[in-house]
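Everything below concerns the one structure shown next.
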Amino acid sequence: MNIDNFGSGRATQRVFRSGIIFMLLVLGLSGCAQTGATSHNDPLEPFNRKVNTFNDYLDRFFLKPVAQAYTFAIPSLLRTGISNAFDNISYPLVIVNQFLQGKPATGGQDLARLLVNSTAGIGGLFDVATGWGLPAHDEDFGQTFAVWGIPSGPYLVAPLFGPVTIRDGIGDIGGIFAYPPTYFDDVSLRNSLYGASLVDQRARLLKAEELVSGDRYLFIRDAYLQRREFLNNDGAVSETDPFLDD
């Protein structure tokens, strides 16, 4: 099962949900203390299911139609360029965390990737760097905390912005400071970038929705946790991983 698109939001998506996650962290921690962890580390499942239903309702009647209109109106080649540009602008987050995880060689390569795509790639519209042997990576503070040995904490569904763990939620808050648009003085420009990136992220997930089967909540939860385990271990997932899907 290819679950790369689930929970894969880049830095902009993390910025959006970080404020809400911050308010929910206390709830998540207290719920964990009172309920105890389940086999899927989801002691907040009753609460999470309610939030998931709320999120699905908003998505069905607002965000998904906007994303569908976007894919209909914008040619595929242009959408790819827009996605590349958003990935490029969020790439400092990857670079910072490569160095924090003790991977200076990879961090240096990712810095070169950012410079190449920002210049030869015309502000990131074109992914020139991959063809030059500088592949993309996906690192964030949640992964860095995992490398440092900090436990993930329980699974949590944040209103509006979906799945996260307590560790990743705290990492998302820290990620704000590695996201360049955070420092834009023009509030309207900053908010426009946030909104456009959210639509772009949702449009990327349209085809991935076809993979969802059975209990939607359980499918997305397990896909998210499996993907995070994959990222935390740089692709080296144990054969005993309960989320491993052949």
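Residue numbers start at 1 and run along the sequence shown.
At distances below 3.5 Å, at least one donor-acceptor pair connects side-chain atoms of Y91 with backbone N or O atoms of H137. Side chain of W148 to backbone of L100: a donor-acceptor contact under 3.5 angstrom is found. Of the possible polar contacts, none joining the S197 side chain to the Y194 backbone as a donor-acceptor pair under 3.5 Å is found. With D59 contributing its side chain and N55 its backbone, the two residues share no donor-acceptor pair below 3.5 Å. A donor-acceptor distance shorter than 3.5 angstrom exists from the side chain of N48 to the backbone of V157, with no hydrogens or angles considered. No donor-acceptor pair closer than 3.5 Å links the side chain of N97 to the backbone N or O of T144. T182 places a side-chain N or O within 3.5 Å of a backbone atom of Y179 that can act as its donor or acceptor partner.
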* Evaluation steps, side-chain contact (heavy atoms from CB on, under 4.5 Å), between I170 and F145 -> CA-CA 9 Å; I170 295 173; F145 293 156; 4.0 Å; yes
* Hey, mind stepping through L198 and R202 against side-chain contact (heavy atoms from CB on, under 4.5 Å) and telling me if it holds? -> CA-CA 6 Å; L198 181 59; R202 185 61 184 90; 5.8 Å; no
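Taking each heavy atom of I95 and G107 in turn, the nearest pair found is CG2-O, 4.1 Å. Minimum interatomic distance between A178 and P180 (heavy atoms only, all atoms of both residues): O-CD, 3.5 Å. Shown here for L125 and A85, the closest heavy-atom pair between the two residues is CD2-CB, 4.0 Å. Scanning both residues, D200 and S83, for their nearest heavy atoms gives OD1-OG, 2.5 Å.
Cluster membership check: F99 does not share its hydrophobic cluster with L134, using side-chain heavy-atom separations under 4.5 Å among Ile, Leu, Val, Met, Phe, Trp and Tyr. Under a hydrophobic clustering in which Ile, Leu, Val, Met, Phe, Trp and Tyr are joined whenever their side-chain heavy atoms come within less than 4.5 Å, directly or via other members, V128 and L114 fall into different clusters. Connection of V199 to L189 is established within a shared hydrophobic cluster, with ILVMFWY side chains joined at heavy-atom distances below 4.5 Å, either directly or through further cluster members. Hydrophobic clustering (side-chain heavy atoms under 4.5 Å, transitive across Ile, Leu, Val, Met, Phe, Trp, Tyr) groups V51 together with I166. I150 and Y155 fall within a single hydrophobic cluster, where Ile, Leu, Val, Met, Phe, Trp and Tyr are joined by side-chain heavy atoms under 4.5 Å apart, directly or via other members.
Enclosure of atom OH in Y183 by more than 12 non-hydrogen atoms of other residues, nucleotides or ligands within 6.0 angstrom is indicated. No more than 12 heavy atoms of other residues, nucleotides or ligands shown are found within 6.0 angstrom of CZ on F177.
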Sequence neighbours excluded and cut-off under 3.5 Å, please list the side-chain donor-acceptor pairs for residues 61-78, or say none.
| unit_1 | atom_1 | unit_2 | atom_2 | d |
| --- | --- | --- | --- | --- |
| K64 | NZ | E209 | OE1 | 3.4 |
| T71 | OG1 | A67 | O | 3.4 |
| T71 | OG1 | Q68 | O | 2.8 |

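Counted by atom type alone, S118 and N88 present one or more donor-acceptor pairs between their side chains at under 3.5 Å. There is no side-chain donor-acceptor pair under 3.5 Å between D56 and Y217. Checking Q98 against T106 by side-chain atom types alone, no donor-acceptor pair falls below 3.5 Å.
A heavy-atom distance below 4.5 Å is not found between the side chains of F141 and I173. At least one side-chain heavy atom of E45 sits less than 4.5 Å from a side-chain heavy atom of L218. Counting heavy atoms from C-beta on, the side chains of N232 and V147 never come closer than 4.5 Å. Residues T165 and P154 fail the side-chain proximity criterion, which asks for heavy atoms closer than 4.5 Å. Residues N233 and Q143 have side chains not in contact (no heavy-atom distance under 4.5 Å, counting atoms from C-beta outward). Between D127 and N84 there is a side-chain heavy-atom pair separated by less than 4.5 Å. The side-chain heavy atoms of L193 and F86, taken from C-beta on, include a pair separated by under 4.5 Å. Proximity of Q201 to L205: side-chain heavy atoms (C-beta onward) are nowhere separated by under 4.5 Å.
The CG atom of L225 sits 8.0 Å away from the CG atom of D42 when rounded to the nearest 0.5 Å. The CZ atom of R221 sits 7.5 Å away from the CZ atom of R49 when rounded to the nearest 0.5 Å. In this structure, CG in L231 is found 5.5 Å from CZ in R228, a value given to the nearest 0.5 Å. The distance from the CG atom of D87 to the CD1 atom of I82 is 12.0 Å, given to the nearest 0.5 Å. With rounding to the nearest 0.5 angstrom, the CH2 atom of W132 is 15.0 Å from the CD atom of Q109. Note: D138 CG to F230 CZ = 10.5 Å, rounded to the nearest 0.5 Å.
For residues 90-107, the pairs satisfying salt bridge (Lys or Arg N to Asp or Glu O under 4.0 Å) are K103-E139, K103-D234, with sequence neighbours left out.
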